[in-house]
Amino acid sequence: MNVNEISFENLPKAVAHLVNEVEELKVLVEKGQTPISPQKRIPIGIEEACRVIGKAKPTIYALVRKHMIPCYKNGKKLYFFEDELLKWITKGKKKTLQEIEKEAEIEFKKRPKGIRR
């Protein structure tokens, strides 16, 4: 729940949320742990993006122009997030011969026995 969501009508819900937060903090303090904060995503520039995906700048610009690579533009500068670039790379995974054979075997078993050849 955000601070902006708190209103007089949402007061019981906000109090319940705060009670839960205090309980979680109490448990963490008792265990001696520090609260886990979400990791900040730091944007990278085109030079770093080139290093991450192993392509030249003109190739990156072409991919951006064709909307084929995840990126952000603020003013004239392009920004990328490393996790999105790595995810983009994994989308292009090619199947191994073993995976193809396994899929073909599964499809072959799905066919009715009279049609098998």
Side-chain angles (χ1 to χ4, degrees):
M1 174 173 263
N2 292 332
V3 175
N4 297 336
E5 296 176 12
I6 296 174
S7 65
F8 186 75
E9 291 83 25
N10 292 340
L11 202 53
K13 188 177 174 182
V15 170
H17 177 72
L18 289 174
V19 168
N20 285 338
E21 292 286 321
V22 169
E23 257 327 293
E24 288 177 14
L25 288 173
K26 185 178 174 184
V27 169
L28 289 174
V29 169
E30 287 175 355
K31 290 182 179 178
Q33 296 177 344
T34 56
I36 300 168
S37 61
Q39 288 185 333
K40 287 184 181 177
R41 295 175 65 203
I42 299 172
I44 58 175
I46 191 153
E47 301 284 339
E48 188 70 14
C50 291
R51 187 195 60 77
V52 170
I53 64 172
K55 298 206 180 274
K57 261 187 186 179
T59 306
I60 301 276
Y61 284 125
L63 290 170
V64 167
R65 196 173 39 252
K66 294 176 185 174
H67 302 279
M68 294 177 69
I69 190 168
C71 69
Y72 302 85
K73 189 170 185 178
N74 194 356
K76 291 184 177 180
K77 190 166 181 169
L78 288 172
Y79 298 97
F80 304 88
F81 287 106
E82 189 171 344
D83 60 330
E84 288 182 352
L85 292 176
L86 295 173
K87 190 175 178 182
W88 174 76
I89 290 171
T90 57
K91 282 182 185 176
K93 180 188 178 234
K94 295 223 173 214
K95 293 178 184 173
T96 63
L97 185 59
Q98 293 168 336
E99 291 171 333
I100 293 170
E101 286 176 353
K102 188 177 264 183
E103 283 183 11
E105 190 173 302
I106 290 169
E107 287 297 318
F108 184 74
K109 287 181 181 177
K110 284 182 181 177
R111 289 182 174 182
K113 291 187 178 186
I115 300 177
R116 288 187 183 173
R117 293 183 185 172

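Please read these numbers as outputs of a predicted model, since none were measured by experiment.
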> Out of curiosity, K55 NZ to L85 CG, how far, rounded to the nearest 0.5 Å?
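Going from the NZ atom of K55 to the CG atom of L85 covers 12.0 Å.
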> What about M68 and I46, same hydrophobic cluster or not, with Ile/Leu/Val/Met/Phe/Trp/Tyr joined at side-chain heavy-atom distances under 4.5 Å?
yes
> Testing the basics here: between K73 and G75, what is the closest heavy-atom pair and its distance to 0.1 Å?
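Closest approach of K73 to G75: CE-O, 3.3 Å.
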> Could you list the residues that satisfy side chain to side chain contact (heavy atoms under 4.5 Å, CB included) with A56, not counting sequence neighbours?
P58, T59
> When you check the gap from the basic side-chain N to the acidic O, do E105 and K102 get nearer than 4.0 Å?
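Between K102 and E105 there is no salt bridge, as every charged N stays at least 4.0 Å from the carboxylate O atoms.
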> Please step through side chain to side chain contact (heavy atoms under 4.5 Å, CB included) for the pair I53 and I60, ending with a clear verdict.
CA-CA 9 Å; I53 64 172; I60 301 276; 3.1 Å; yes
> Are more than 12 heavy atoms, taken from residues, nucleotides or ligands other than Q39, located less than 6.0 Å from that residue's CD atom?
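Check fails, neighbour count at 12 or below.
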> At their closest point, which heavy atom of V52 faces which heavy atom of I89, and how far apart are they?
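Closest pair (atom of V52, atom of I89, distance): O-CD1, 4.4 Å.
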> Listing request: all ring pair (Phe, Tyr, Trp, His ring centres under 6.0 Å) pairs with a residue in residues 73-104, at least two apart in sequence or in separate chains.
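The answer is Y72-F81.
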> Can you hop from V64 to L86 via hydrophobic side chains spaced under 4.5 Å?
yes
> Around atom CG of L11, are there more than 12 heavy atoms from other residues, nucleotides or ligands closer than 6.0 Å?
yes
> Enter the distance from I44:CD1 to C71:SG here, rounded to the nearest 0.5 Å.
11.5 Å
> Using 4.0 Å as the upper bound for N to carboxylate O, is an ion pair formed by R41 and E82?
no
> Looking only at heavy atoms, which two atoms of K94 and E99 are closest? And how far apart?
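Where K94 meets E99 most closely, the heavy atoms are O-OE1, 4.4 Å.
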> Using a strict cut-off of less than 4.0 Å between a Lys/Arg side-chain nitrogen and an Asp/Glu carboxylate oxygen, indicate whether E21 and K26 qualify as a salt bridge.
no
> Please examine the side chains of K110 and E107, heavy atoms only from C-beta on, and report whether any two atoms are closer than 4.5 Å.
yes
> Nearest 0.5 angstrom please: R111 CZ to K109 NZ, how far?
14.0 Å
